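Below, read A as the first sequence line, B as the second, and so on, with proteins coming before strands; counting in each chain starts at 1. Here the structure is a predicted model, which is why all the values come from computation and not from measurement. FYI, side chains are in, hydrogens and waters are out, and symmetry mates aren't considered; it's all heavy atoms of this structure.
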2 protein chains.
Amino acid sequence: MKPENTRVPVLPPSPAQHEGCRGVASVLARVGDKWSVFVIMMLFDGPKRFNEIKRLIDGISQRMLTLTLRGLERDGLVTRTVFPTIPPRVDYELTDLGRGLSQPVMALGEWAKNHQIEIETARARFDGRREAAE
Amino acid sequence: MKPENTRVPVLPPSPAQHEGCRGVASVLARVGDKWSVFVIMMLFDGPKRFNEIKRLIDGISQRMLTLTLRGLERDGLVTRTVFPTIPPRVDYELTDLGRGLSQPVMALGEWAKNHQIEIETARARFDGRREAAE
DNA sequence: CCGTATCCACCTGGATACTG
DNA sequence: CAGTATCCAGGTGGATACGG
């Protein structure tokens with residue numbers, strides 16, 4: 001995984017139709033990759049070790065946690081500090097940038113929590129109506 | 001596409017470790033699916049027709065727009081109104097719920113636009129350092 | 001115009017095993 | 001403990017063609 005593997009909708013030939021949607025997409029790709037947001041939330045209240053995060057999220061594979069953390073590190077959202085002790089110890093911490101991003105992300109999370117029921121209801125209704133039309 | 005195909009990290013055995021992350025995940029899955037956010041943003045300033053949206057986003061395939069709109073409709077975020085004219089005409093519009101969601105989404109978009117450069121810089125630095133270690 | 005259906009390349013992400 | 005490597009199933013999304 002190196003450069004711009006996150007292929008993203010560039011809204012191509014039309015120039016600046018809604019102002020800088022290109023950059024939005026690249027961040028949204030981060031937010032949307034299933035694990036990044038969880039990691040960000042876990043790191044919100046201070047630095048944590050690798051396995052600590054792994055335990056907290058639980059369900060994430062070692063591989064995915066590594067990839068996610070690397071991605072966040074690459075984007076300058078978290079720092080990785082290695083303590084050359086035995087056994088090795090690695091701390092991950094949100095950068096200022098990461099803490100900044102966590103604000104709107106948390107807001108989104110809040111909204112999600114508060115409207116979760118409405119969405120589930122809407123889904124049930126939608127699926128119900130589809131079934132009625134079998 | 002019907003029920004809960006959006007498989008989501010449930011943070012399984014540990015109960016309520018950070019309060020309702022389950023619902024967060026399901027919304028984030030919507031937000032993260034590469035196109036939903038764009039559609040939401042396009043619909044922010046009023047209802048639009050199918051091909052109108054398609055033209056605005058441009059890069060999205062007909063199939064993906066259909067799937068995205070269905071998903072948003074299922075979640076109660078947009079309404080779909082069919083005018084039985086010839087040729088047929090279908091309008092999509094944000095619901096109140098959808099407009100509510102668009103707030104934190106827009107906030108996220110704003111943040112993305114404002115910090116796009118920092119992230120790109122961080123990426124370049126990260127990739128550069130990796131290359132130096134070839 | 002607004003879709004649905006089909007096919008298929010690619011990517012994501014889990015399981016597992018192995019190193020420093 | 002903190003990774004890396006490999007393998008592989010399943011999902012995602014583009015292209016294309018066709019239907020109402």
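Contact between the side-chain N/O atoms of R49(A) and the OP1/OP2 oxygens of dA2(D) is found at a separation under 4.0 Å. Side-chain N/O atoms of Y92(A) include one lying less than 4.0 angstrom from OP1 or OP2 on dG3(D).
Rounded to an integer number of Å, the gap from F83(A) CZ to dG3(D) P is 12 Å. Between L69(A) atom CG and dT4(D) atom C1' the separation is 15 Å, expressed in whole Å. The distance between atom CZ of R80(A) and atom C1' of dG3(D), rounded to the nearest whole Å, is 8 Å. Between the C1' atom of dA2(D) and the NZ atom of K48(A) lies a distance of 18 Å, rounded to the nearest Å. If you measure from atom CG of N51(B) to atom P of dG3(C), you get 9 Å, rounded to the nearest angstrom. Going from atom CG of D91(A) over to atom P of dC1(D) covers 14 Å, rounded to whole Å. Nucleotide dC1(C) holds its C1' atom 13 Å from the CD1 atom of I53(B), rounded to whole Å.
Residues forming a side chain to side chain contact (heavy atoms under 4.5 Å, CB included) with E52(A) (at least two apart in sequence, or on another chain): K48(A), R49(A), R55(A).
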**Study point:** Base versus backbone protein contacts along nucleotides 13-20 of chain D [heavy-atom cut-off under 4.0 Å; B, S, -]
**Key:** BBB----B

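Rounded to 10 degrees, the angle separating the terminal axes of the helix from dG3(C)-dC18(D) to dG20(C)-dC1(D) is 30°, with each axis obtained from five end pairs.
The side-chain heavy atoms of L65(A) and F38(A), taken from C-beta on, include no pair separated by under 4.5 Å.
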